[in-house]
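To keep things clear, I will list the structure first and then write my remarks on it.
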Protein chains: 2
Amino acid sequence: METTYLREQLAAKGLKVTHQRLCVLEAIHTLHNHPTADQILEHIRPTFPTIATGTVYKVLDTLVENGLVMRVQNDKDVMRYDADVEHQHHHVYCKDCDAIGDYKNEELDHLLSDFFATHQIPGFSIDSIRLHIHGRYTEGIPSNHIQDPS
Amino acid sequence: METTYLREQLAAKGLKVTHQRLCVLEAIHTLHNHPTADQILEHIRPTFPTIATGTVYKVLDTLVENGLVMRVQNDKDVMRYDADVEHQHHHVYCKDCDAIGDYKNEELDHLLSDFFATHQIPGFSIDSIRLHIHGRYTEGIPSNHIQDPS
DNA sequence: GTATGTGCAAACTTTTTGCACTTCG
DNA sequence: CGAAGTGCAAAAAGTTTGCACATAC
């Protein structure tokens, strides 16, 4: 993966561009299946065996705090991470496998923002709305990719 | 709290009606703020000091498996529990405090079911859809109660 | 009576922490 | 050079497990 973009992402937030941070970012982008901290570590170790577990957690915290990565999680699972913070999207949770897929649809997003524009929640200011779509993949392997069938 | 209803809930699922299960169910209903396992324990201990931690976790698992209780969770938090499984509702997450409120609106639910009736997700069958509404409470204490301002 | 549930304590998993050392800018 | 980041290893936090004992039905 080209790291120029990742370096820029870090620099733009005033974060130091370290080898560890690049590796973690790159891992989440590559393992686009909403990886766990452990999967991120396993992905990095072959090429960077000395990276510390604690470092990965600290880097993940920093990335989340700076909005470069999002936390995602199942009801019954470890924390997982999503590097796609650019495109507003929702998540699809399979009850059988532990896959978390992406779901994107602009029509839906308009529907939601229209709805909440006219239905404010008293005493609460909304930052973002995310659908958790629960169910089952019916045919084999989940694609885990954004779909916008508009 | 009247336990007759709780006893019936358990019996209806073919579960044995034990003191421990009643206490846990009662606690989640009473602590309507989506309590953690720990808060449930603290609520029970004064009147039932000998209940074991492991038991509470086992009871919670059983209740979730049988659909009497739902898991709810913040991005950065312990597991929490919700005893309102009757009324389809969504959750409101405050970024400042760790309150999780309820949001209920039938118009919204119709909007969503209409949308997904005409926009199936290929290879996926939907069981339920839940909004995670992120933002901040702007005025003091969150009410944490269902609102349906229709 | 018997299947089911509970208590207990030990163990496991995931994540956090503190501090000396290193690195980026 | 100095502030920010990392490695390490220990420990916290939350949850699970196994097995003898107890209880609901």
Side-chain angles (χ1 to χ4, degrees), chain A residues 3-4 6-28 34-42 44-45 47-66 68-69 71-81 98, chain B residues 3-4 6-28 34-42 44-45 47-66 68-69 71-81 98:
Chain A
T3 62
T4 312
L6 304 180
R7 306 185 97 91
E8 281 167 7
Q9 274 200 307
L10 291 169
K13 298 287 179 178
L15 296 171
K16 286 190 179 171
V17 179
T18 66
H19 187 190
Q20 290 82 345
R21 286 178 177 165
L22 287 171
C23 286
V24 171
L25 260 183
E26 190 270 339
I28 308 177
H34 312 287
T36 64
D38 210 55
Q39 291 171 328
I40 293 168
L41 257 166
E42 275 176 32
I44 298 175
R45 286 245 206 260
T47 53
F48 185 2
T50 59
I51 195 169
T53 309
T55 300
V56 169
Y57 281 101
K58 283 174 192 163
V59 167
L60 287 169
D61 279 354
T62 307
L63 297 178
V64 170
E65 273 165 30
N66 285 275
L68 299 180
V69 156
R71 292 189 215 274
V72 179
Q73 109 184 302
N74 240 330
D75 274 359
K76 184 72 207 206
D77 218 15
V78 198
M79 192 62 67
R80 296 168 66 166
Y81 298 87
D98 52 356
Chain B
T3 62
T4 312
L6 304 181
R7 305 185 98 91
E8 280 165 7
Q9 274 200 308
L10 291 169
K13 297 287 179 179
L15 296 172
K16 286 190 180 171
V17 179
T18 66
H19 188 191
Q20 289 83 345
R21 285 178 178 165
L22 286 172
C23 285
V24 171
L25 260 183
E26 191 271 339
I28 309 177
H34 311 288
T36 63
D38 213 52
Q39 293 170 327
I40 293 167
L41 256 166
E42 276 175 30
I44 298 175
R45 286 246 207 260
T47 53
F48 184 3
T50 58
I51 194 170
T53 309
T55 300
V56 169
Y57 281 102
K58 283 175 193 162
V59 167
L60 286 169
D61 279 354
T62 307
L63 297 178
V64 170
E65 273 165 30
N66 286 275
L68 298 181
V69 155
R71 292 188 216 273
V72 179
Q73 114 184 300
N74 240 332
D75 273 0
K76 183 70 206 207
D77 219 14
V78 199
M79 192 62 66
R80 296 168 66 167
Y81 297 87
D98 53 356

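Worth saying up front: this structure is predicted, and the values here are computed from it rather than measured. In what follows, every chain begins at residue 1, and chains take the letters A, B, ... in the order their sequences are listed.
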*What heavy-atom pair brings B:T36 and B:R80 nearest, and what distance separates the two atoms?*
CG2-CG, 3.7 Å
*asked:* Any residue in residues 15-24 of chain A with a heavy atom nearer than 4.0 angstrom to DNA chain C? Just list them by number, or reply none.
replied: A:K16, A:V17
_Rounded distance (Å) that lies between atom P of C:dT6 and atom CZ of B:R45_ = 15 Å
*When the distance from CG of A:L63 to P of D:dT6 is rounded to whole Å, what number comes out?*
10 Å
*On DNA chain C, nearest-nucleotide positions of A:Y81 versus B:T50: which is more 5'?*
B:T50
*A:A27 to A:I44 - nearest heavy-atom pair and separation*: CB-CG1, 4.1 Å
_Separation of atom CE in B:M79 from atom P in C:dT13, rounded to whole Å_ = 17 Å
_How bent is the helix from C:dG1-D:dC25 to C:dG25-D:dC1, measuring the angle between the end axes built from five pairs each, rounded to 10°?_
50°
*asked:* Listing request: all salt bridge (charged side-chain N to carboxylate O under 4.0 Å, His left out) pairs with a residue in residues 57-66 of chain B, at least two apart in sequence or in separate chains.
replied: A:K76-B:D61, B:D61-B:R71
*B:L60 CG to D:dT16 P: how many Å, rounded?*
9 Å
*asked:* Can you measure A:D61 atom CG to C:dT14 atom C1' for me and round it to whole angstrom units?
replied: 13 Å
*Closest contact, heavy atoms only, B:I28 versus B:Y81*: CG2-O, 3.8 Å
*asked:* Can you give me the closest heavy-atom contact between B:A37 and B:V56, atom names plus distance?
replied: O-CG1, 4.3 Å
Tabulated below should be each protein N or O lying under 3.5 Å from an N or O of nucleotides 17-19 of chain C; please produce it.
{"unit_1": "C:dG18", "atom_1": "O6", "unit_2": "A:K58", "atom_2": "NZ", "d": "2.8"}

_Quick one, A:V78 with A:D38, criterion side-chain contact (heavy atoms from CB on, under 4.5 Å). Give me CA distance, side-chain angles, the key distance, then yes/no._
CA-CA 10 Å; A:V78 198; A:D38 210 55; over 6 Å; no
*For a side-chain contact (heavy atoms from CB on, under 4.5 Å) with B:K13, tell me which candidate from B:L68, B:L63, B:T62 qualifies.*
B:L68
*How would you list, by chain and number, every residue that makes a side-chain hydrogen bond (donor to acceptor under 3.5 Å, both in side chains) with A:T47, sequence neighbours excluded?*
none
*Would A:Q73 and A:M79 count as a side-chain contact (heavy atoms from CB on, under 4.5 Å) if you check the C-alpha gap in whole Å, the side-chain angles of each, and the deciding distance to 0.1 Å?*
CA-CA 5 Å; A:Q73 109 184 302; A:M79 192 62 67; 3.5 Å; yes
*Side-chain contact, heavy-atom cut-off 4.5 Å: A:Y57 with A:V59?*
no
Show me the donor-acceptor pairs within less than 3.5 Å that the side chains of residues 17-25 of chain A make with the rest of the protein, sequence neighbours left out.
{"unit_1": "A:T18", "atom_1": "OG1", "unit_2": "A:R21", "atom_2": "N", "d": "3.2"}
{"unit_1": "A:R21", "atom_1": "NH1", "unit_2": "A:K16", "atom_2": "O", "d": "3.0"}

